[in-house]
Amino acid sequence: MKYFLLVFLIFINFSFIPEEKEKQFYQDLAIIHGTESGLPKGVVDMIKLDNEKPVVLIQEKSYAWNGDQWVLSKNEKASKIPTIKHLPETSGKVLSSASYQGKMVVGCENGLYIQTHGKAWEQILPADDIYSWAPKEVAALVVDAKGRLWFGAREGVGCKTNNQWKLFTGSEELPYTSFTCASAGPNGEVWFGTERGAIRAVDEYFYYRFSRRWLPDDFVNDIVVDKDGTAWI
């Protein structure tokens, strides 16, 4: 069931050893925002950043976070997925999109595509030493701070670095594969939303956040990560 509350996670720095050998340890902290902080009841359909502050769309109205409360905003409504034309008829519904190395990449119900020349589209078929996929239900697509292309699909997660793919499934400890969205953080990390929780990918490691310990509801509608690494979910 989709829920109306909003969650963000902050990374808190703790030091446990002397300064000369100091190491940093990070702990996730979940804080839930709801009606008591100014949000109306209803599903959060979309979230974005405006001047590094989160703005949410609920029941076709925008609400901006001012640091203390959510207030009704005059921000223009925006579509989560831009209109994409001239894709193959077999591609199905467009679920996600990203700009990668100056080209548009889109994730669809029946494939992952990149725009090549003008109106032409080419299907991407990721493969590494273990897997070879024609991805389906590509609902998560993002380019991280290091310029890597990430996607989340029915088969799993893919990451492209310097024209080389690395693909991840449950065998690589990917916890879940029914994706809904993705957002990149400032240090190369990527957050994936799923139908059952959120996943933070750091290089080849995955950190899973689900259940009432972390989220008001497991179905994640949207995620955006600010410059401090706070994930607004």
Taking the side chain as every heavy atom from C-beta outward, state whether [X] and [Y] have any pair of such atoms under 4.5 Å apart.
X    : Y    : answer
L141 : L112 : yes
V157 : F192 : yes
L215 : I233 : yes

Between [X] and [Y], is there a donor-acceptor pair closer than 3.5 Å when you use the side chain of the first and the backbone of the second?
X    : Y    : value
S97  : V106 : no
Q59  : K41  : yes
E109 : K93  : yes
N66  : D68  : yes
E155 : K136 : yes
D144 : E189 : no

*ring-ring contact (aromatic ring centres under 6.0 Å, His included): which pairs involve residues 125-152, sequence neighbours left out?*
Y131-W133, F151-W165

Going only through I, L, V, M, F, W and Y residues with side-chain contacts under 4.5 Å, is there a path from [X] to [Y]?
X    : Y    : answer
V220 : V190 : no
W65  : V44  : yes
W191 : F210 : no

_Under 3.5 Å side-chain donor-acceptor pair for H86 and W121_ = no

*Test item: side-chain donor near acceptor, E172 and T169, under 3.5 Å*: yes

Show me the side-chain donor-acceptor pairs of residues 201-208 shorter than 3.5 Å, one per line, residues at least two apart or across chains.
| residue | atom | partner | partner atom | Å |
| --- | --- | --- | --- | --- |
| D203 | OD1 | R148 | NH1 | 3.1 |
| Y208 | OH | R196 | O | 2.4 |

*Does atom CD of E173 have more than 12 heavy-atom neighbours, drawn from other residues, nucleotides or ligands, at distances under 6.0 Å?*
no

*Between D28 and R200, is there a side-chain N and carboxylate O pair less than 4.0 Å apart?*
yes

*Is the Lys NZ or Arg CZ of K61 less than 6.0 Å from the centre of Y63's six-membered ring, within 45° of the axis?*
no

*asked:* I'd like to know whether E122 forms a side-chain contact (heavy atoms from CB on, under 4.5 Å) with Y113, so could you lay out the CA-CA distance, the side-chain angles of the two residues, the decisive distance to 0.1 Å, and finally the verdict.
replied: CA-CA 5 Å; E122 178 182 320; Y113 296 86; over 6 Å; no

*Identify which one of L57, N221, I58 satisfies the side-chain contact (heavy atoms from CB on, under 4.5 Å) criterion when paired with M46.*
L57

*Please assess L49 against V55 for the test side-chain contact (heavy atoms from CB on, under 4.5 Å), listing each intermediate value before the final yes or no.*
CA-CA 6 Å; L49 294 178; V55 176; over 6 Å; no

